[in-house]
Amino acid sequence: MARGTLILLSLSIFCYLSVASTDLNEHKPSNFIETSCKNTTYPKRCEETLASYTTSIKKINPLELVQTALLVSLDDAKSTMKDIYKLGRTQGLEKKEYAAIKICIDQMYDSLDSLKKSQNEINQIGEYGRSSSNNKIKEESYSHVSNVQTWMSTVLTDVYTCIDGFAAGKMKNSVQACTVDYIQDSSNALALVNELASNYY
């Protein structure tokens, strides 16, 4: 009888530890990022770019994840701007190409401005709107998230406008190569914002 009780107790402990281990794994930042990225436009890219931020994303926090995604896009924007400026100094540019570069740079500045506005809006959200008992806080939080959705859509529109200003050819291909990371990361950031809006606000 005692032996049977001991075996049963051992099985119970084993089952408890297995469930606890599974629960902890599900709540790891890395698993949280993987799950969140599944619904983005470029899920693999999403996982790769956010994976290096698992130590800074200390909680299973969708708001913090969006803030991080916007930081990634900001880094992309700065890098893209530098690359496009370099293209503008290419020897032997045709007048149309030079004019397109100037327009592209203006569009990229607009895109960067919209991205910074997105960051400003998301950083003003102090708590999940749905978790607050204060209706005013809920409304303000929803307004901030809605504004981020608008600004991030504008970010992408500005980049595509930049690309569309070039005729098909080598220069357009170069600009597309410069902007691909920025487009993908910003698309993913927008998807995460949309998910945040639908699940928490």
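Position 1 is the first residue of the sequence; numbering continues from there.
Cluster membership for Leu190 and Leu65, using ILVMFWY side-chain heavy atoms within less than 4.5 angstrom, is shared. Under the 4.5 Å side-chain heavy-atom criterion for ILVMFWY residues, a single connected hydrophobic cluster contains both Val175 and Met81. One hydrophobic cluster, built from ILVMFWY side chains closer than 4.5 Å, holds both Ile101 and Ile163. In terms of hydrophobic clustering, with Ile, Leu, Val, Met, Phe, Trp and Tyr side chains grouped at heavy-atom distances under 4.5 Å, Trp151 and Leu196 are assigned to different clusters. Transitive grouping of hydrophobic side chains (ILVMFWY, heavy atoms separated by less than 4.5 Å) keeps Met108 and Leu71 in distinct clusters.
Atom NZ of Lys116 is surrounded by 12 or fewer heavy atoms from other residues, nucleotides or ligands within 6.0 Å.
Summarising the geometry, atom CG belonging to Asp76 is positioned 9.5 Å from atom CD belonging to Gln184; distances are rounded to the nearest 0.5 Å. Between Leu87 atom CG and Ile105 atom CD1 the span is 9.0 Å, to the nearest 0.5 Å. Put simply, CD on Glu121 and OG on Ser143 are 6.5 Å apart, with the number rounded to the nearest 0.5 Å. A distance of 9.5 Å separates OG1 in Thr154 from CG in Asp110, rounded to the nearest 0.5 Å. Interatomic distance, Ile122 CD1 to Leu192 CG, rounded to the nearest 0.5 Å: 10.5 Å. The CE atom of Met152 lies 9.0 Å from the CD atom of Gln119; values are rounded to the nearest 0.5 Å.
Using a 4.0 Å cut-off between charged side-chain N and carboxylate O, Lys102 and Asp106 make no salt bridge.
The minimum heavy-atom distance between Ser73 and Tyr182, with the atom names listed, is O-CE1, 3.4 Å.
A side-chain hydrogen bond (donor to acceptor under 3.5 Å, both in side chains) check over residues 82-94, counting only residues at least two apart or in different chains, returns the pairs Tyr85-Tyr109.
A donor-acceptor pair under 3.5 Å is absent between the side-chain atoms of Ser111 and the main chain of Gln107, judged by distance alone. Between the side chain of Asn188 and the backbone N or O of Tyr42 there is at least one donor-acceptor pair closer than 3.5 Å.
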